[in-house]
Amino acid sequence: MKQSVIIKNISSLLATKAHGKVRAGKAQGEVEIIKNAYLITEDDKIKALGTMDEYKAMGVDESKATVIDATGKLVTPGLVDSHTHLVHGGSRENELSMKLHGKTYMDIMNAGGGIHATQRHTKEASFEELYEKAKKSLDIMLSYGVTTVEAKSGYGIEDFDTELKQLEVAKKLNEDHPIDLVSTFMPCHAMPDEYKNDREAFINKVINEYNPKVMEKGLAEFADIFCEDGVYTIDESIRVLEASRKTGFKLKIHADELISFGGAELSAELKCVSADHLIGASDEGIKAMAANGVIANVLPSTAFNLNTGKYARARKMIEEGCPVSISTDYNPGSCPSENIQLAMQIASIKMRMTPEEVFNAATINAAASVLRTESIGSLEVGKKADIAIFNCENIDYFVYHFGINHTYKVIKNGTIVYGA
Ligand code: NIG
Ligand code: FE
């Protein structure tokens, strides 16, 4: 049995009663906040929470607990980063000046850079090198209040051993690091050069060889594909995703990241768990996603860094009733930043999401993006004691004071793992 943690005198406790559900439409902007609150953990779960008046009336024995005075602090569920390319080799700072000189993301990729460059770096890196690099990023994520991270493969592509290496690094980190990892298999992240003239052959390989092997080894829960002009077509995405579902994967899709391509519509047709990016998502696509319960996983830091001036239309998504989640998309190309707080702040400033919408997006809705609403994403009795404590009094201040790290302490499974 772990020592219990008592957090008391909390200025604002984000105590949204999610009941295992996403928050969409009007509810996306609704949170329950308890002022002058307490929270108690027992073992790895949340045991009780409420007002300080209730706490005093209970006569709690503090002698055997770790007591945290959260005067002036905001306490929220541990944040969930539900879209990252965590495990990869190398970095691509050489692309910065190309971008400043007018090259687009696709120009760089088509010239053999971009994802192809990271593919080479990831192939060259040993398991240990990939592990150490990803661990550093996880430490940074934890320092920003993140307690669960989704991590994709996708830098091995046709080199299946490298795909497996990425997934195995994620598996080992899930065992070793306080952050929980959720793995996604994404071999269709680019079209390998040698298959350019026989795309079908590569897709068949993914469907018939790679998918079953990854499933058999238990290395991923989700499958994802980069559905975009010049990468994978709509028809190819349908084939790959439908086959991935048959193999047993839950579905995600990189949709409408660079242009309006029909990815949002496709995610609705296939009833994907989430469609991610959506910068170019059409009105019809957004409506269809809402009608089919697809989570709109927006990646504001990527839009910022792609620097086209375009952002996913979160207001439209919320109006139409799409549950919106926010993630970093941390990767060496389109978003070399692990900072989820910044992603939340950009979502507010550039996409006009309110602090309430932003917090639901990075907690309960992000938990839904990885199918974990029963255990994480909200502070409710019986749920995992995954808790972030921030050096600010309320959620408005967290969003308003941007570009810094607000974290005071992080608790994972009832243990203080940051700021102890
Ligand atoms: O989500 N667009 C595809 N994948 C990543 C970028 C990966 C990379 O550039 O290395 C994304 O933007
Ligand atoms: Fe991505």
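Sequential numbering from 1 along the given sequence is applied to the chain's residues.
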Would one find more than 12 heavy atoms of other residues, nucleotides or ligands at under 6.0 Å from atom [atom1] of [X]?
| X | atom1 | result |
| --- | --- | --- |
| Y400 | OH | no |
| R315 | CZ | yes |
| F202 | CZ | yes |
| K310 | NZ | no |
| K316 | NZ | yes |

Item to check | side-chain contact (heavy atoms from CB on, under 4.5 Å) between M109 and V231, worked out | outcome: CA-CA 10 Å; M109 179 162 161; V231 193; 4.2 Å; yes
Heavy atoms, side chains only, cut-off 4.5 Å: are [X] and [Y] in contact?
| X | Y | answer |
| --- | --- | --- |
| I68 | I416 | yes |
| S267 | M289 | yes |
| Y155 | T162 | no |
| T415 | P178 | no |
| T373 | K21 | no |
| K252 | K152 | yes |
| T354 | Q28 | no |
| N305 | K99 | yes |

Heavy-atom donor-acceptor pair, [X] side chain to [Y] backbone, under 3.5 Å:
| X | Y | value |
| --- | --- | --- |
| T122 | G89 | yes |
| S348 | M353 | yes |
| S12 | E393 | yes |
| E380 | A18 | yes |
| Y330 | C335 | no |
| N365 | R23 | yes |
| E228 | E257 | yes |
| D386 | N413 | yes |
| H121 | G90 | no |
| T247 | A243 | yes |

Residue pair [X] / [Y], side-chain donor-acceptor N/O under 3.5 Å:
| X | Y | answer |
| --- | --- | --- |
| N331 | R92 | no |
| S301 | T328 | no |
| K383 | S378 | yes |
| T148 | D180 | no |
| T84 | E338 | no |

Checklist entry - Stepwise, does the salt bridge (Lys or Arg N to Asp or Glu O under 4.0 Å) test hold for K2 with D43? => result CA-CA 5 Å; K2 279 183 193 175; D43 220 6; 5.7 Å; no
Checklist entry - Shortest non-hydrogen contact from V273 to A368? => result CG1-O, 3.7 Å
Item to check | For the student: nearest non-hydrogen atoms of A223 and L241, plus distance | outcome: O-CD2, 4.3 Å
Should [X] and [Y] count as an ion pair when the cut-off is N to O under 4.0 Å?
| X | Y | result |
| --- | --- | --- |
| E319 | R313 | no |
| R372 | E221 | yes |
| K135 | D139 | yes |

Reported [atom1]-to-[atom2] distance for the pair [X] and [Y], which is rounded to 0.5 angstrom:
| X | Y | atom1 | atom2 | result |
| --- | --- | --- | --- | --- |
| F304 | S337 | CZ | OG | 9.5 Å |
| K35 | I10 | NZ | CD1 | 12.0 Å |
| K213 | L219 | NZ | CG | 12.5 Å |

Over 60° means perpendicular and under 30° means parallel, so classify the ring planes of [Y] and [X], tilted if in between.
| X | Y | value |
| --- | --- | --- |
| H406 | Y397 | perpendicular |
| H83 | H277 | perpendicular |
| Y105 | F226 | perpendicular |

Checklist entry - Do H177 and Y131 have ring centroids that are under 6.0 Å from one another? => result no
Checklist entry - Quick check, are the ring centers of F185 and Y210 under 6.0 angstrom apart? => result no
Next on the checklist: Applying side-chain contact (heavy atoms from CB on, under 4.5 Å) to D276 and I253, what does each step give before you reach the verdict?
Outcome noted: CA-CA 6 Å; D276 301 40; I253 178 170; 5.7 Å; no
